[in-house]
Amino acid sequence: NENTELKRMFKFKEDNYEYDYVGGDIVLKSGSGVLKGYVINKGTKDGVKTGMAVINDAGLIGKVTSAANNYCKIETISSENVSVAALIQRTQVNDCIVTGYTDNADKNKNLAILTMLPLNSDIKEGDTIVTSGIGADYPKDIIIGKVTSVEDNKGKMEREAIIAPAVDFTRLQRVFI
């Protein structure tokens, strides 16, 4: 219910006081297919800038791709246009990137893929993936999601992992920027 969600968001903001978050509401869903995004009712007059991370109490949502005076557009981590420096929480391996991923069997599924891992990487189903903080685009240790499958991509000489995002995009209403 709305009251429970607002309490969770308030607690998240209190627990993460070192960041000055701007709270916003989703007013429109934008894009389809590989471009998965939303319009938020906060803009440059509220301090929002292009490139800022967008999160909620569940984890990473995506980033601001454009900002006007009264609103901004965001793309989610399941968009193929968004990439995030990531870390495998269990092993602390941080030389990998998460980007959006489209499952050919179910194009409406919100997924991401972890790439650039060496073939001998210790990663398995159920591992939690978080932001690494490398590159300063995203704060460190924001939950991205959990690994649902791992495959070796011999053509690219790397190991890849499919990630189910921690954020439920079908129920998304409020965000922090």
Side chains of [X] and [Y] in contact at under 4.5 Å (non-hydrogen atoms):
X: K45; Y: N70; value: yes
X: I143; Y: L60; value: no
X: I40; Y: V64; value: no
X: I61; Y: I74; value: yes
X: I26; Y: Q173; value: no

Would you mind telling me which of T128, I162, I163, I129 makes a side chain to side chain contact (heavy atoms under 4.5 Å, CB included) with K146?
-> T128
Would you mind telling me which of V54, L172, V27, L28 makes a side chain to side chain contact (heavy atoms under 4.5 Å, CB included) with Y38?
-> L172
Are any of the side-chain nitrogens in K124 or D127 under 4.0 Å away from the carboxylate oxygens of its partner?
-> no
Would you call D25 and K42 a salt bridge, taking side-chain N to carboxylate O under 4.0 Å as the test?
-> no
Nearest 0.5 angstrom please: [X] [atom1] to [Y] [atom2], how far?
X: I77; Y: L111; atom1: CD1; atom2: CG; value: 10.0 Å
X: I55; Y: F176; atom1: CD1; atom2: CZ; value: 7.5 Å
X: L114; Y: E158; atom1: CG; atom2: CD; value: 9.0 Å
X: I113; Y: E160; atom1: CD1; atom2: CD; value: 4.0 Å

For a quick test of reading the model, state the closest non-hydrogen atom pair linking [X] to [Y] and the distance between them.
X: C72; Y: I177; answer: SG-CD1, 3.8 Å
X: K140; Y: L87; answer: NZ-CD1, 4.3 Å
X: A53; Y: Y138; answer: CB-CD2, 3.6 Å
X: A166; Y: A58; answer: CB-O, 3.5 Å
X: K73; Y: V39; answer: CG-CG2, 4.1 Å
X: S83; Y: T99; answer: CB-CG2, 3.5 Å

Measure from the side-chain N and O atoms of [X] to the backbone N and O of [Y], and report whether any donor-acceptor pair falls under 3.5 Å.
X: S121; Y: I123; answer: no
X: D46; Y: V48; answer: no
X: D152; Y: K154; answer: no
X: T131; Y: I142; answer: yes
X: T44; Y: A67; answer: no

Residues E75, N81; criterion side chain to side chain donor-acceptor pair (under 3.5 Å); working and verdict = CA-CA 8 Å; E75 279 190 53; N81 296 332; 3.2 Å; yes
Is it true that [X] and [Y] fall in one hydrophobic cluster, defined by side-chain heavy atoms closer than 4.5 Å?
X: V175; Y: F169; result: yes
X: V147; Y: L117; result: yes
X: V93; Y: I144; result: yes
X: V98; Y: V150; result: yes

Are T102 and E80 close enough, and set up right, to give a side chain to side chain donor-acceptor pair (under 3.5 Å), and what steps lead you there?
-> CA-CA 8 Å; T102 302; E80 293 175 9; 2.9 Å; yes
S132/N94 under side chain to side chain donor-acceptor pair (under 3.5 Å): CA gap, chis, key distance, verdict = CA-CA 6 Å; S132 68; N94 68 359; 5.6 Å; no
